[in-house]
Amino acid sequence: MVKISTSILSVEPEDATRKFYDLEVAKTDYFHIDVMDGKFVEANTEEKMYEYTNTIKQISNLPLDVHFMVEDVKKNIDKYLSFEPDIITFHYEALKNKEEIYDVIKYLKANNVKVGISIKPATPVEEILEFMKHIYLCLIMTVEPGKGGQKLIPETIEKVKKLKEYLDREALETFIEVDGGIKVDNAGILKNAGADIIVSGSAIISAGDMQDVIEKMKKGV
Ligand code: DX5
Ligand code: ZN
């Protein structure tokens, strides 16, 4: 069964606490926290996500799956370490060279955080293969990072398959996470392509019955 990481990006401030409770009841596996700095992507969610994470930590023990769409990766890691996130994912495109990437991997591991590396739709999967044996997951963006509610880019599904083949061939246990435009009707395609963790925002948050949507996505039907 795939795991579901619910993006809280589209949660409205006035019903945030209630939504977070409901999401736990609805059996989300993770809270997915989308941190955007207004530089790596246009939107800036720094303040909102920091507040939301604070609220979540007060009411829930569910693991945090933090997705940084930021230029200054180190600064943001330091900001989020106090929340004891389970996973921190940063963008391959945000760092200048391999040395910086290995440096961040080491830093996260030293702080007991599982490491994720994400790639945008235009970045070929081949560019990040060498890091796979050192990290916990690879997040393949299925939309252009920056906002919720977009349509999944079909070409990205091939990237999931390619990465899955590579991981199987190398006998690596690195997880594949997918994020953007995922709903009940396309979750199964991603699961079959090799995804282990599905991030979904608007499809879950706007649903009348969040538990039903999460259940269906987990089964991949
Ligand atoms: C996009 C974010 C996603 C996104 C998910 O930049 O990383 O987590 O908001 O939301 P939906 O499921 O609405 O595409
Ligand atoms: Zn995300």
Side-chain angles (χ1 to χ4, degrees), residues 2-13 16 19-20 23 26 28-46 48-50 52-53 56 62-71 73 76-77 80 83 85-94 114-123 136-157 159-160 175-191 195-208 210 212-214 216-218 220:
V2 289
K3 295 224 158 128
I4 303 298
S5 186
T6 306
S7 164
I8 56 163
L9 190 61
S10 67
V11 168
E12 295 297 337
K19 267 283 180 208
F20 302 150
L23 277 169
T28 187
D29 294 294
Y30 298 92
F31 286 105
H32 183 84
I33 317 286
D34 284 309
V35 183
M36 307 181 189
D37 66 353
K39 288 185 268 190
F40 184 76
V41 293
E42 224 178 287
N44 190 319
T45 64
E46 279 176 337
K48 185 176 173 181
M49 288 304 124
Y50 194 80
Y52 281 7
T53 309
I56 290 169
L62 282 183
L64 300 180
D65 169 32
V66 181
H67 177 195
F68 286 152
M69 286 157 276
V70 304
E71 278 180 359
V73 175
N76 280 282
I77 292 173
Y80 273 80
F83 294 126
D86 192 52
I87 308 164
I88 287 184
T89 297
F90 59 92
H91 268 269
Y92 166 71
E93 299 88 355
K114 294 177 183 133
V115 184
I117 296 185
S118 181
I119 50 171
K120 296 203 236 179
T123 304
Y136 182 74
L137 68 78
C138 178
L139 168 54
I140 296 188
M141 289 303 297
T142 43
V143 298
E144 208 52 58
K147 55 177 188 280
Q150 304 182 71
K151 229 174 128 359
L152 181 138
I153 300 167
E155 289 76 20
T156 59
I157 299 167
K159 291 169 69 177
V160 177
F175 291 120
I176 301 177
E177 184 173 42
V178 286
D179 181 7
I182 304 172
K183 310 176 185 321
V184 170
D185 59 9
N186 59 12
I189 300 171
L190 290 153
K191 182 187 171 189
D196 304 289
I197 306 176
I198 284 177
V199 178
S200 180
S202 43
I204 295 174
I205 300 300
S206 67
M210 296 199 295
D212 182 56
V213 170
I214 289 174
K216 285 182 173 144
M217 281 183 177
K218 280 185 186 174

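Throughout, numbering of the chain's residues begins at 1 and tracks the sequence. We count ligands from 1, going down the list as the structure has it; atoms in each ligand are counted the same way. Reckoned from all heavy atoms, side chains included, excluding hydrogens, waters and symmetry mates. All values reported here derive from a predicted model rather than from experimental measurement.
Relative orientation of the Y80 and Y50 rings is perpendicular, given thresholds of 30° and 60° on the angle between their planes. Between F40 and H91, the angle of the ring planes lies from 30° to 60°, which puts this pair in the tilted group.
One side chain, H32 or D34, offers a donor N or O that lies under 3.5 Å from an acceptor on the other. Under 3.5 Å, the side chains of T142 and T156 contain no donor-acceptor pair of N or O atoms.
Only protein N, O or S atoms were considered, and those under 2.8 Å from the Zn ion (ligand 2) are H32 NE2, D34 OD1, H67 ND1, D179 OD2.
One N or O on the side chain of K19 and one on the backbone of I205 form a donor-acceptor pair closer than 3.5 Å. Using modelled atom types, no side-chain atom of E46 and backbone atom of M36 make a donor-acceptor pair closer than 3.5 Å. Using modelled atom types, no side-chain atom of K39 and backbone atom of N44 make a donor-acceptor pair closer than 3.5 Å.
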Give me the pairs of N or O atoms, one from ligand 1 and one from the protein, that sit under 3.5 Å apart.
unit_1: ligand 1; atom_1: 6 (O); unit_2: G146; atom_2: N; d: 2.8
unit_1: ligand 1; atom_1: 7 (O); unit_2: D34; atom_2: OD1; d: 2.9
unit_1: ligand 1; atom_1: 7 (O); unit_2: H67; atom_2: ND1; d: 3.2
unit_1: ligand 1; atom_1: 7 (O); unit_2: D179; atom_2: OD2; d: 2.9
unit_1: ligand 1; atom_1: 8 (O); unit_2: H32; atom_2: NE2; d: 3.4
unit_1: ligand 1; atom_1: 8 (O); unit_2: D34; atom_2: OD1; d: 3.2
unit_1: ligand 1; atom_1: 8 (O); unit_2: D34; atom_2: OD2; d: 2.7
unit_1: ligand 1; atom_1: 8 (O); unit_2: D179; atom_2: OD1; d: 2.7
unit_1: ligand 1; atom_1: 8 (O); unit_2: D179; atom_2: OD2; d: 3.0
unit_1: ligand 1; atom_1: 12 (O); unit_2: G201; atom_2: N; d: 2.7
unit_1: ligand 1; atom_1: 13 (O); unit_2: G149; atom_2: N; d: 2.8
unit_1: ligand 1; atom_1: 13 (O); unit_2: S202; atom_2: N; d: 3.1
unit_1: ligand 1; atom_1: 13 (O); unit_2: S202; atom_2: OG; d: 2.5
unit_1: ligand 1; atom_1: 14 (O); unit_2: G181; atom_2: N; d: 2.8

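Applying the salt bridge (charged side-chain N to carboxylate O under 4.0 Å, His left out) test to K191 and every residue at least two apart in sequence or in another chain returns nothing. Not counting sequence neighbours, F90 has no partner by the ring-ring contact (aromatic ring centres under 6.0 Å, His included) test.
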